[in-house]
2 protein chains.
Amino acid sequence: MRKKVTIKDVAKAVGVTPTTVSNVLNGTNRISDETRRRVLQAVEELQYTPNMSARALVKRRTYTIGLFIPASPRVLSDSYFAEALRGMTEVALQYGYVVSIIYSDGLSDSVRQRIDGLVLTELKNKDEYVQYFKRIRLPFVALGRGGDPTLRDYVISDTNRGIREAVNHVYRLGHRHLGYLLGPLGYEYVCERYRTFRRMHAELGLPLDRRLCATGENSREGGASAMRTIFARGVRPTAIFASTDIMALGAIEYLHEHGLRVPDDMSVVGFDDADFSKYVRPSITTVHHDIYRAGREAAFMLIAKLDGREYKRPVTLPVRFVPRESTSTISLSNQ
Amino acid sequence: MRKKVTIKDVAKAVGVTPTTVSNVLNGTNRISDETRRRVLQAVEELQYTPNMSARALVKRRTYTIGLFIPASPRVLSDSYFAEALRGMTEVALQYGYVVSIIYSDGLSDSVRQRIDGLVLTELKNKDEYVQYFKRIRLPFVALGRGGDPTLRDYVISDTNRGIREAVNHVYRLGHRHLGYLLGPLGYEYVCERYRTFRRMHAELGLPLDRRLCATGENSREGGASAMRTIFARGVRPTAIFASTDIMALGAIEYLHEHGLRVPDDMSVVGFDDADFSKYVRPSITTVHHDIYRAGREAAFMLIAKLDGREYKRPVTLPVRFVPRESTSTISLSNQ
DNA sequence: CAGGTTTCTGAAAGCGATTCCATTCTGATG
DNA sequence: CATCAGAATGGAATCGCTTTCAGAAACCTG
C-alpha cells in the first residue's frame, strides 16, 4: 500500500509549511494568489485528501450528522426513512459531512463523540428524546413538529393545505359524514393532521360527529381496529380519513371483509402517499409529501446551524393531493 | 458546557498515567487487579468516554463502516435497504462501530478517510465498484454474490432452496408450462435465480421453453413489458416466475389489463417478499428472505475482517417459501 | 527615507488518545 | 547476596492537522 500523503508532503512539494497549505485549504488566512495556485496544484497532483480524524480531533467536530430513529417497533415506514436518508446524504456530502443512523436502542452518551448533530423524526408531543438531546447539548433539527412548542428548527409538510384539499375533495363528491381514524395520540403529526381535519369542518360549517372518530395503532391492524370501533358504535360515515396510508389500507381491508366496497359503499382517504398506495386495489386517495426534499432541507438546516451560518426556519414544504380510486361520488344508498 | 473529560482527567483522579488508563481500557498490557478496579471506577464516576477522533487518529481507523448503495435509480427496494441497514447498525454498535451510507454518486477517494470498510449490495456479474474498492484497498463484504467469482466474503440467501420449493409448488398444482420474467441480466442475483429455475426443470425432467422467458427492467413497467414480450411471441405459460416481487406485480397488472385473471388464468410467483406483496390483491406468492438478518451477518463478517478475527464465509441464510393468492391449481381451460 | 501599515508565511503548541520501550519493584534462584 | 526474570507502571513520541502569534517583507505616506 503506497504511503498515505499528508499535509506535510504537499507542503514539501510546494516548498512551504503545512501552515500555509492548511490556510489555503481552509481559507483562514490570506495567501498570495501565486502560492495558492501552487498549493492547489500540488494537492491535485499528489491526490491529497485531508485526514478526517486529525481534522476532527483539533476542530472538535466529527463532520458526521445522524438520522435518529426512535423506537424499534417502527412506526416510520421504510420508504419514509430511506427517502429522508437519501436527501440528507446528498446535501451532507456537499458540505463535507457524512450521515449515519442512530437508533434509539443504541443511544448512549458516547453518541456525542460520534456525531455533531441529529435530525430527529417522529416526535411526540412531549418528546423524551428532545429533552435528552437538549440536556447533553447535542444540536438537532426535526423532521416534523413536536417535542416542545418552542422548537423552531424543523421542516414540515404543509399538512394544512393537504388535508384542506382532501376534505374539499370528498365534500365536493357529496360526502357530509366524515370519519377519522387516528394513530397514536402521542405523536404530534397525528394530532396536527386531526386538528386540521376539525378546522376544515368548522370552515365548511359541517358538524363533526365525534362518534365517527376513533384511535388505533399506526398499522393495518390499527386501521382495521379503529374502523371496527366506529362500527361498534352503530354509526357509519360515508367517507373516512386516516392518519396514514397504512391505516387507510387496514380500514379498506376491514371493510372488504365485512362486505363493504371501497369506494362504492365508503370512500377512504389516507395520508403520506406510501409506495403501496398506488399498487393496491383500490389505489388509495392520499396526500403526497416529499420526504426526500424534507431530508435535504433538514440536513441543510442542521449543517447551517453547526457551521454557524444563517438559515430560515421553520421550513414548510408543499404537498400534493392525489385523488385515486378509493374515493368517489357518494352513492344514493348512502345518503 | 462542562469541560469534556479526557483520559488525563481519569488518570489524575486515580493517580496513574494516561498510559495505564489506556492499558486497562484496551487490555493491552497487564495491569494489577487493584489498579484496574480503581481506573474502572473513576471512568464510571467521571463518565469518561474516549474521544473517538483521537483514537481514530492514532489507530488509523475510523470505526465506521458503510453500506454502499450503487446507482441512483434505485433497483433496491426501500425495505431491503432499510432492513439491511437496521441489521448492520445493531451489530456494528456491539463492536463500537457506527454505520453510514455511501451512495455511488458521492463516491470519491476521500471515502477512504471516512470509513474502514463497506458492505456492498446489488452486485453485477462483473462489478466496476468491486474493482474500484479492491484497487483502493478498501475492505468489503457483499450482500449477495457477484463481482468476481473469487470473492468469498459474502452473505447470501438460499436462493436454491427457495426457488426449488416454489417450482415444486406450482408443479404440484399441475403447472407444466412455466415462464420466467428476468430482471436486468447484468445483476448476479438475476442470473442466479434464473439458473436455479432452469436447474429445477432439469431435475423434474420438465422441458424449458425459452420462448416463455423474457427480460425487463426491475420495476412494475419492466414486469409488464417482459410479460408483453412473451405474449407477443404467441405463447402463453400457465404459471410465470419473476425475478422480483415488483416485476411480478407489474406482470399481474398487465394480465389484469388484458382480461386475464390471476391466479385463475395464470399463476404468478415473485421473489423477495416485498412488503406490498401481502397487501396487494391477489397477494403474491413469493420467497421470503431475511434481509435484516443478512445485514447483521454482513456487518459481523466485515467487522471481524477489520478487527482481524476469524469468521466463516460465505454465509448462507435460510429462506421461506410463502404461498399466497397469486398461485393456484391449474384450471381446465388452461391445460 | 524613517516609521507605520499591510500582506504573507512560518514556528510551535496543542487536540486526546495509543504504543514502544524503559524503569522500578518484587521475589525467586543458585 | 548478587543476579535475574517477570510484573506493573510511566515517559515520551506520535498520529495529521489547525491555529495563534510573531516576524519578515513589501508597500505607503508625509
> To the nearest angstrom, how far is A:Lys8 atom NZ from D:dT14 atom P?
Replying inline: 9 Å
>> If you assign B:Leu25 and A:Val16 each to the DNA chain C nucleotide with the nearest heavy atom, which residue ends up on the more 5' nucleotide?
In response: A:Val16
> Distance check: side-chain N/O of A:Arg60 vs OP1/OP2 of C:dG16, anything under 4.0 Å?
Replying inline: yes
>> Tell me the interatomic distance from B:Lys4, atom NZ, to C:dG16, atom C1', rounded to whole angstroms.
In response: 10 Å
>> What verdict does the salt bridge (charged side-chain N to carboxylate O under 4.0 Å, His left out) test give for A:Asp105 and B:Arg86, after you've listed the backbone C-alpha separation in whole Å, the side-chain angles of each residue and the deciding distance to 0.1 Å?
In response: CA-CA 11 Å; A:Asp105 315 336; B:Arg86 191 165 64 89; over 6 Å; no
> Counting distance only, does the side-chain N/O of A:Asp158 pair as donor-acceptor with the main-chain N or O of A:Leu317 below 3.5 Å?
Replying inline: no
>> Looking only at the side chain of A:Arg55 (C-beta and beyond, no hydrogens), which of the listed nucleotides C:dG16, D:dC17, D:dG10 gets closest?
In response: D:dC17
> Looking only at side chains, do B:Glu192 and B:Thr159 share a donor and an acceptor under 3.5 Å apart?
Replying inline: no
> Across the strands shown, which category fits A:Thr35 at heavy-atom distances under 4.0 angstrom: base, sugar-phosphate, nothing?
Replying inline: sugar-phosphate
>> Suppose we screen for ring pair (Phe, Tyr, Trp, His ring centres under 6.0 Å). Which residues come up paired with B:Tyr292, at least two apart in sequence or across chains?
In response: none
> Once you round it to whole Å, what is the distance between P of C:dG14 and CG of A:Leu57?
Replying inline: 14 Å
>> What is the distance, to the nearest angstrom, from the CZ atom on A:Arg114 to the P atom on C:dA17?
In response: 14 Å
> Can you tell me how far P of C:dC15 sits from CD of A:Gln113, to the nearest Å?
Replying inline: 15 Å
>> Would the distance check show the side chain of B:Thr62 and the main-chain N or O of B:Arg114 forming a donor-acceptor pair, the cut-off being under 3.5 Å?
In response: yes
Report each atom pair, protein N/O against N/O of nucleotides 19-23 of chain C, whose distance is under 3.5 angstrom.
from	atom 1	to	atom 2	distance (Å)
C:dT19	O4	B:Thr19	OG1	3.1

> Counting just side-chain N and O atoms, does B:Thr17 come under 4.0 Å of either OP1 or OP2 of D:dG10?
Replying inline: yes
> Given D:dT18, is OP1 or OP2 found less than 4.0 Å from the side-chain N or O atoms of A:Arg61?
Replying inline: no
>> Enumerate the ring pair (Phe, Tyr, Trp, His ring centres under 6.0 Å) contacts for residues 28-56 of chain B, please, sequence neighbours excluded, ordered by first and then second residue.
In response: none
>> side-chain contact (heavy atoms from CB on, under 4.5 Å) for B:Tyr311 and B:Ile303? Distances and angles first, verdict last.
In response: CA-CA 10 Å; B:Tyr311 56 97; B:Ile303 292 173; over 6 Å; no
>> Using a heavy-atom cut-off of 4.0 Å across all strands, would you classify A:Ser32 as base, sugar-phosphate, or nothing?
In response: sugar-phosphate
> Which one, C:dG10, C:dA17, D:dG16, comes nearest to the side chain of B:Thr6?
Replying inline: C:dA17
>> Taking 4.0 Å as the cut-off, does a side-chain nitrogen or oxygen of A:Tyr63 come that near to OP1 or OP2 on D:dC17?
In response: no
>> Between P on D:dT14 and CD1 on B:Ile7, what's the gap in Å once rounded to a whole number?
In response: 19 Å
> For the helix from C:dC1-D:dG30 to C:dG30-D:dC1, what angle lies between the axis at the first five pairs and the axis at the last five pairs, to 10 degrees?
Replying inline: 50°
>> Please tell me whether A:Asp272 and A:Tyr189 have a donor and an acceptor in their side chains that are separated by less than 3.5 angstrom.
In response: no
>> Applying ring pair (Phe, Tyr, Trp, His ring centres under 6.0 Å), can you list everything that pairs with A:Phe133, at least two apart in sequence or on another chain?
In response: A:Phe68
> Under the side-chain contact (heavy atoms from CB on, under 4.5 Å) test, which residues partner A:Lys12, sequence neighbours left out?
Replying inline: none
